[in-house]
**Student:** 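Can you read through this structure? Questions will come right after.
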Amino acid sequence: TDASHQHSNFRFATIGALILYGDVPGMEKILRDGLQYFAAQIAPYTEGEGETEGPSYGESRLRGISWSVAALQIAFDFPFSDLPSYKRILRFFAELTPVGEKVCWFGDSFNDHFEYGNLYRALTIFAALGNDSELQWRADRGQPELIAEEFSPIGDAGDWFSPPMLFHYYPRVKPTPPKNVTVTRVCYDAGFVIHHSNSFDYKKNVGFVFKCSPQGKTNHCHGDQGSFSLYAYGRVIATNTGHYHGTDGEYGSPHDKYYYKDTVSKNSLLINGFSQAHANAKNPVEGQIIAFYEDGNLTYAAGSFANTYPPEAGAIRVIRHILEVKNRYFVIFDEIIAKEPSTFTFLYHAPPPPLPPRGATSIESFSGGRLDYTVSGLKVRFVMVTEGIESKHEPRSIGVDGKDYTNIMKLSSNMNFQFYNKEKKSNQTFLVVIFPYFDNPPNIERIDDTHVRVEYDGTVDIIGFEPNLNKITVKTLQET
């Protein structure tokens, strides 16, 4: 599918599938695909307007599906919420947003209260229909001032159903704390990995969203394959940039086409200056999640996206690995092979400084491959371990067309960084450590271009990537 409008249609298809087929095996893939794309819309911090069309966009769709099912359940007197597939929907969405998080830090709106209100309404309806006390706990804990708020239908198809009517038939559930603190969702079909180390409290959460999607770059989908957003302790520390609205930033505007939707505004890669190509029938481009692993200490994913670049870029192999270590810090490792010696650019964007709730972002130091900055009092150390790399800080938001879009709604980030190889090569790796902290800074030392030593709080981690062996090693040494 191309564009988010199909996602809107899917909510009604989901309702129909639940009514007509329940858990018939043939419907499994339809339900799974739809859930994944809805998840992509709802996941915080992914500013892309395609699968994620701004978190506000996804929240309204979730609200629509919950209200419509509630209305049908009452009208037909059939317990759709008792179906195992519907219970999966409840649980799937319940855990996507850490408790208390303002899901619309980025995207189409800055009215956080309203956007969390959408999520709260949807979760509360889901909880009532499914008699799910854990779901209600997440909703109430996340936004206590909304608990007593009067519900009213607002502006979306399916909103003709009034939630007060729901509670006449299905009383509000008494909340109880959930059991699962850490939540990870791997959406292979939609091409997302969403990880929260602490879904109970966003202020304690360290996590990421990683995208490598078969959607490719289409009408509503950005050139953001292989991109990531990082967050820690209630702050966004790395994000895709740009904005959907504004006099010169609206849909189809130069800002929309040449900056906001382009790879240059994403935490991804340029190859010989080329961004990812637009997909069409003659040029099908797609990314793919190719690996995932998780245990108590590590959350790892990898994505392949070489064919998302135009043929003239000469990309043969582009694989990005993302690793979260002990719910403390992140390691990125890129493998890139091109047909001929090329320049490869690692793009990194921190949140823009001026607007709440993003908080005050400032650069403390920047030299070579080392960057230290703060986000609302949280310190972040970025170290490009790879040798032979040059870097630059771009305080303006320059589109792929060479124009300056910094002042479009004054929303574009001035925290844009580029890291690239000094000498052209046909084979390049990037190894990066990104460590958020409050007090004691980590010591990050290069061992070689594929291994790094990270020392913090009396602990030493040795992390290595072996591309030829498809192997990653993590060794921890305890120091006295």
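Fair warning: this is a prediction, and the values are worked out from it, not measured in the lab.
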**Student:** Kindly compute the distance separating OH (Tyr300) from OH (Tyr293), expressed to the nearest 0.5 Å.
**Tutor:**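 Here the rounded value is 12.0 Å.
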
**Student:** Under a 3.5 Å cutoff, is there a donor and acceptor pairing between the side chains of Thr476 and Asp461?
**Tutor:**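 Checked: Thr476/Asp461 side chains pair up, N/O donor to acceptor below 3.5 Å.
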
**Student:** Could you give the distance from CD (Glu423) to CD (Glu390), rounded to the nearest 0.5 Å?
**Tutor:**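 It comes to 9.5 Å.
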
**Student:** Is there side-chain contact between Leu298 and Val325, with heavy atoms separated by less than 4.5 Å?
**Tutor:**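 The answer is yes, as the side chains (C-beta and beyond) meet within the 4.5 Å cut-off.
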
**Student:** Quick one: are Phe346 and Arg320 in side-chain contact, heavy atoms under 4.5 Å?
**Tutor:**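 A side-chain contact under 4.5 Å exists here.
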
**Student:** Would you confirm whether Asp201, through its side chain, and Lys203, through its main-chain N or O, come within 3.5 Å as a donor-acceptor pair?
**Tutor:**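 Confirmed, Asp201 side chain pairs with Lys203 backbone.
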
**Student:** Before you tell me yes or no, could you show the steps for Val331 and Leu431 under side-chain contact (heavy atoms from CB on, under 4.5 Å), namely the whole-Å CA-CA distance, both residues' side-chain angles and the distance that decides it to 0.1 Å?
**Tutor:** CA-CA 7 Å; Val331 183; Leu431 177 58; 3.8 Å; yes

**Student:** For Gly287 and Phe305, which heavy atoms make the closest approach, and how far apart are they?
**Tutor:**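 Looking at all heavy atoms of both residues, the closest pair is CA-CB, 4.2 Å.
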
**Student:** So, the side chain of Asn198 versus the backbone of Asn205: is there a donor-acceptor pair under 3.5 Å, distance only?
**Tutor:**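 Checked: no pair found.
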
**Student:** When you check the gap from the basic side-chain N to the acidic O, do Glu387 and Arg446 get nearer than 4.0 Å?
**Tutor:**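 A salt bridge links Glu387 with Arg446.
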
**Student:** With a 4.5 Å cut-off on side-chain heavy atoms, are Val474 and Leu323 touching?
**Tutor:**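 Leu323 reaches Val474 side chain to side chain.
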
**Student:** Less than 3.5 Å apart, any donor N or O on the side chain of Tyr202 or His196 sitting next to an acceptor on the other?
**Tutor:**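 Their side chains do not contain a donor-acceptor pair, so the 3.5 Å distance test is not met.
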
**Student:** Could you report the tightest heavy-atom contact between Thr182 and Ser197, atom names first, then the distance?
**Tutor:**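 Of all heavy-atom pairs spanning Thr182 and Ser197, the closest is OG1-O, 2.9 Å.
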
**Student:** Please report the interatomic distance CD1(Ile319) to CD(Glu335), rounded to the nearest 0.5 Å.
**Tutor:**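 Reported value, rounded in 0.5 Å steps: 5.0 Å.
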
**Student:** Is the Tyr233 ring parallel, tilted or perpendicular to the Phe438 ring (thresholds 30°, 60°)?
**Tutor:**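 Ring orientation of Tyr233 relative to Phe438: tilted.
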
**Student:** Taking all non-hydrogen atoms of both residues, which atom of Ala313 and which atom of Ile271 are closest, and how far apart?
**Tutor:**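 Result for this residue pair: O-CG2, 3.5 Å.
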
**Student:** Strictly under 6.0 Å, is that where the ring centroids of Phe417 and Phe382 end up?
**Tutor:**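 Ring-ring flag for Phe417/Phe382: false, centres at least 6.0 Å apart.
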
**Student:** Rounded to the nearest 0.5 Å, how far apart are CZ of Phe274 and OH of Tyr309?
**Tutor:**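 Going from the CZ atom of Phe274 to the OH atom of Tyr309 covers 12.0 Å.
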
**Student:** Is Asp262 reaching over with its side chain to a backbone N or O of Val264, donor-acceptor style, under 3.5 angstrom?
**Tutor:**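 Present.
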
**Student:** Is the shortest side-chain heavy-atom distance between Gln418 and Leu347 below 4.5 Å?
**Tutor:**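 Result yes, sub-4.5 Å side-chain heavy-atom pair found.
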
**Student:** Please assess Ser342 against Glu340 for the test side chain to side chain donor-acceptor pair (under 3.5 Å), listing each intermediate value before the final yes or no.
**Tutor:** CA-CA 6 Å; Ser342 305; Glu340 57 186 35; 5.5 Å; no

**Student:** Between Gln428 and Thr386, is any pair of side-chain heavy atoms under 4.5 Å apart?
**Tutor:**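 Of all side-chain heavy-atom pairs linking Thr386 with Gln428, at least one is under 4.5 Å.
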
**Student:** Hey, is the main chain of Glu324 close enough, under 3.5 Å, to the side chain of Thr299 for a donor-acceptor pair?
**Tutor:**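 No, Thr299 side chain to Glu324 backbone: no donor-acceptor pair under 3.5 Å.
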
**Student:** Any donor and acceptor pair, going by atom type alone, linking the side chain of Arg370 with main-chain N or O of Ser365 inside 3.5 Å?
**Tutor:**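 Checking the backbone N and O of Ser365 against the side chain of Arg370, no donor-acceptor pair under 3.5 Å is found.
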
**Student:** Centre-to-centre under 6.0 Å for Phe430 and Phe344, is that the case here?
**Tutor:**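 Between Phe430 and Phe344, the centre distance exceeds or equals 6.0 Å.
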
**Student:** In sequence, state the C-alpha distance, the side-chain angles, and the governing distance for Thr239 and Tyr231, and then conclude on side-chain contact (heavy atoms from CB on, under 4.5 Å).
**Tutor:** CA-CA 9 Å; Thr239 183; Tyr231 37 100; over 6 Å; no

**Student:** Taking side chain as C-beta onward, heavy atoms only, is Ile472 less than 4.5 Å from Phe333?
**Tutor:**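 Heavy-atom side-chain distance check fails, nothing below 4.5 Å.
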
**Student:** Hey, could you give me the CD1/CD1 distance between Ile462 and Ile447, rounded to the nearest 0.5 Å?
**Tutor:**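 Result: 4.0 Å between the selected atoms.
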
**Student:** Quick check, are the ring centers of Phe435 and Tyr456 under 6.0 angstrom apart?
**Tutor:**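 Yes, close enough.
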
**Student:** Step by step, would you call Ile363 with Met415 a side-chain contact (heavy atoms from CB on, under 4.5 Å)?
**Tutor:** CA-CA 8 Å; Ile363 300 173; Met415 302 283 282; 3.7 Å; yes

**Student:** Check the pair Glu445, His451 against side chain to side chain donor-acceptor pair (under 3.5 Å), reporting the backbone distance first and the verdict last.
**Tutor:** CA-CA 9 Å; Glu445 297 180 355; His451 294 76; over 6 Å; no

**Student:** What pair of heavy atoms forms the shortest contact from Glu455 to Arg453, and how long is it?
**Tutor:**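 Glu455 and Arg453 have their closest heavy atoms at OE1-NH1, 3.1 Å.
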
**Student:** Okay, side chain of Ser265, backbone of Tyr259: is any donor-acceptor separation there less than 3.5 Å?
**Tutor:**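 Between the backbone of Tyr259 and the side chain of Ser265 there is a qualifying donor-acceptor contact (under 3.5 Å).
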
**Student:** Looking at Tyr329, does the NZ or CZ of Arg381 lie under 6.0 angstrom from its six-membered ring centre and within 45 degrees of the ring axis?
**Tutor:**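 No, Arg381 does not lie over the aromatic ring of Tyr329.
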
**Student:** Is there a donor-acceptor contact under 3.5 Å from the side chain of Asp334 to the main chain of Thr429?
**Tutor:**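 Flag not set: sc Asp334 to bb Thr429 has no pair under 3.5 Å.
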
**Student:** When you check the side-chain N and O atoms of Thr308 and Gln225, is any donor under 3.5 Å from an acceptor?
**Tutor:**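 Result is no, nothing qualifies.
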
**Student:** Give, for atom CD1 of Ile336 and atom OG of Ser426, the distance between the pair rounded to the nearest 0.5 Å.
**Tutor:**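 It is 11.5 Å, given to the nearest 0.5 Å.
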
**Student:** Using the six-membered ring wherever Trp is involved, compare the ring planes of Tyr260 and His222 and label them parallel, tilted or perpendicular (cut-offs 30° and 60°).
**Tutor:**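 Perpendicular.
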
**Student:** Determine, step by step, whether Phe200 and Arg138 satisfy the side-chain contact (heavy atoms from CB on, under 4.5 Å) criterion, reporting the C-alpha distance in whole Å, the side-chain angles of both residues, the deciding distance to 0.1 Å, and the verdict.
**Tutor:** CA-CA 8 Å; Phe200 285 11; Arg138 288 183 180 276; 3.8 Å; yes

**Student:** Where do Trp137 and Pro178 come nearest, in terms of heavy atoms and distance?
**Tutor:**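 Answer, listing the atom of Trp137 first, then Pro178: CE3-CD, 3.0 Å.
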
**Student:** State, without any angle test, whether Tyr437 and Asp439 hold a side-chain donor-acceptor pair at a distance under 3.5 Å.
**Tutor:**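 The answer is no; no qualifying pair exists.
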
**Student:** Output yes when a side-chain donor or acceptor of Ser268 lies under 3.5 Å from a complementary backbone atom of Thr263, and no otherwise.
**Tutor:**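 No; zero donor-acceptor contacts below 3.5 Å.
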
**Student:** Any side-chain to backbone donor/acceptor pair from Asp404 onto Ile398? Under 3.5 Å, distance only.
**Tutor:**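 Flag not set: sc Asp404 to bb Ile398 has no pair under 3.5 Å.
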
**Student:** Is the backbone of His349 close enough, under 3.5 Å, to the side chain of Asn267 for a donor and an acceptor to pair up by distance?
**Tutor:**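 Pair found, side chain donor or acceptor close to backbone of His349.
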
**Student:** Show the nearest heavy-atom pair for residues Pro254 and Tyr405, with the distance to one decimal.
**Tutor:**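 Distance-wise, the nearest heavy atoms are CB-OH, 3.3 Å.
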
